[in-house]
Protein chains: 2
Amino acid sequence: MGRGKIAIERIENTINRQVTFSKRRGGLIKKARELAILCDADLALIVFSSTGRLYDYASSSGMKAIIERYQQEKEENRGVLNPTSEAKV
Amino acid sequence: MGRGKIAIERIENTINRQVTFSKRRGGLIKKARELAILCDADLALIVFSSTGRLYDYASSSGMKAIIERYQQEKEENRGVLNPTSEAKV
DNA sequence: CGACCTATGTATAAATA
DNA sequence: TTATTTATACATAGGTC
């Protein structure tokens with residue numbers, strides 16, 4: 001997008017990389033929020049920039065609850081090859 | 001986008017909501033992956049659909065490591081009002 | 001460094017298969 | 001219900017301030 005097309009590979013220029021990070025981070029969080037609202041999904045996003053700063057977003061139930069739900073889900077599916085039994089719609 | 005414009009609010013039609021969820025989930029994960037690669041960011045995304053299915057993405061260091069890093073960061077910042085001391089660039 | 005400006009590349013809403 | 005098509009809305013690369 002934008003004035004030119006770019007390849008999906010690490011941006012070597014530091015300034016450029018940080019500018020792109022700021023722009024895309026905003027876009028990603030916006031999309032995450034939209035998905036949560038439009039589709040009634042429960043989601044969490046954690047982002048650490050290459051300089052170590054943390055940015056995050058979590059839908060209404062909250063980051064802590066989502067992480068716990070994730071861990072619980074992983075725990076339950078341990079050893080399950082086809083976890084599409086009853087949840088698939 | 002698409003043929004028509006939509007408001008960012010819960011999509012009431014179930015079929016529509018699930019179709020939109022599938023499309024946007026894919027788009028969001030793609031954007032997350034691009035951000036991680038382009039900007040050398042470390043990120044994790046956890047998504048639970050309204051039907052309870054789990055989808056996730058984590059950059060190279062892995063979900064577990066990112067969640068731990070997140071919790072550690074939150075722990076360190078407990079009580080810190082302006083955590084932009086040395087990390088801010 | 002963030003805010004704003006556009007030309008252009010992408011994502012995606014609806015329709016269709 | 002999932003895949004493809006197509007018209008549009010949106011995201012964003014590169015620039016400017």
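All chains are named by letter (A, B, ...) in the order of the sequence lines, taking the proteins before the strands, and each is independently numbered beginning at 1. Model, not experiment: these values are computed from the prediction.
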Atom pair OG/CZ of A:Ser59 and A:Arg33 - distance to nearest 0.5 Å
10.5 Å
Check ion pair A:Lys64-A:Glu68 (N to O, under 4.0 angstrom):
yes
With respect to the side chain of A:Arg24, which nucleotide from C:dC1, D:dT12, C:dA11 is positioned closest?
D:dT12
Using atom CZ of B:Arg25 as one end and atom P of D:dT2 as the other, report the distance to the nearest whole Å.
10 Å
Considering all heavy atoms of both residues, which atom of A:Ser61 and which atom of A:Ala65 are nearest to each other, and what is their separation?
O-CB, 3.4 Å
Taking the basic N atoms (NZ, or NE/NH1/NH2) and the acidic carboxylate oxygens, is any pair closer than 4.0 Å for A:Asp42 and A:Arg69?
yes
Enter the distance from A:Ile29:CD1 to A:Leu45:CG here, rounded to the nearest 0.5 Å.
5.5 Å
Could you give the CG-to-P distance, from B:Leu28 to D:dA11, as a whole number of Å?
12 Å
Looking only at heavy atoms, the pair that brings B:Ser50 and A:Asp40 closest together is CB-O, 3.4 Å
Does A:Thr20 have a side-chain nitrogen or oxygen under 4.0 Å from the phosphate oxygens OP1 or OP2 of D:dA13?
yes
CG of B:Leu38 versus P of C:dT10: gap in Å, rounded?
12 Å
In whole angstroms, the gap separating P of C:dT10 from CD of B:Glu34 amounts to 9 Å
Using a strict 4.0 Å threshold on nitrogen-to-oxygen distance, state whether B:Arg17 and B:Glu12 make a salt bridge.
no
Nearest whole angstrom, please: distance from the C1' of D:dA11 to the CD1 of A:Ile8.
13 Å
With both distances under 3.5 Å as the test, what is the Watson-Crick or G-U wobble partner of D:dT1?
none
Answer with base, sugar-phosphate or nothing: what part of the nucleic acid does B:Ser22 contact at a heavy-atom distance below 4.0 Å?
nothing
Think B:Lys30 has a side-chain N or O under 4.0 angstrom from the OP1 or OP2 of C:dT10?
no
Check the distance between D:dT12's P and A:Ile11's CD1 and give it to me in whole angstrom.
12 Å
Check nucleotides 14-16 of chain C for protein N or O atoms closer than 3.5 Å to its own N or O atoms and list the pairs.
from   : atom 1 : to      : atom 2 : distance (Å)
C:dA14 : N6     : B:Lys23 : NZ     : 3.0

Starting from C1' on C:dT12, measure out to NZ on B:Lys31 and report it in whole angstrom.
11 Å
Would you kindly give the CZ-to-C1' distance between B:Arg33 and C:dA11, to the nearest whole Å?
16 Å
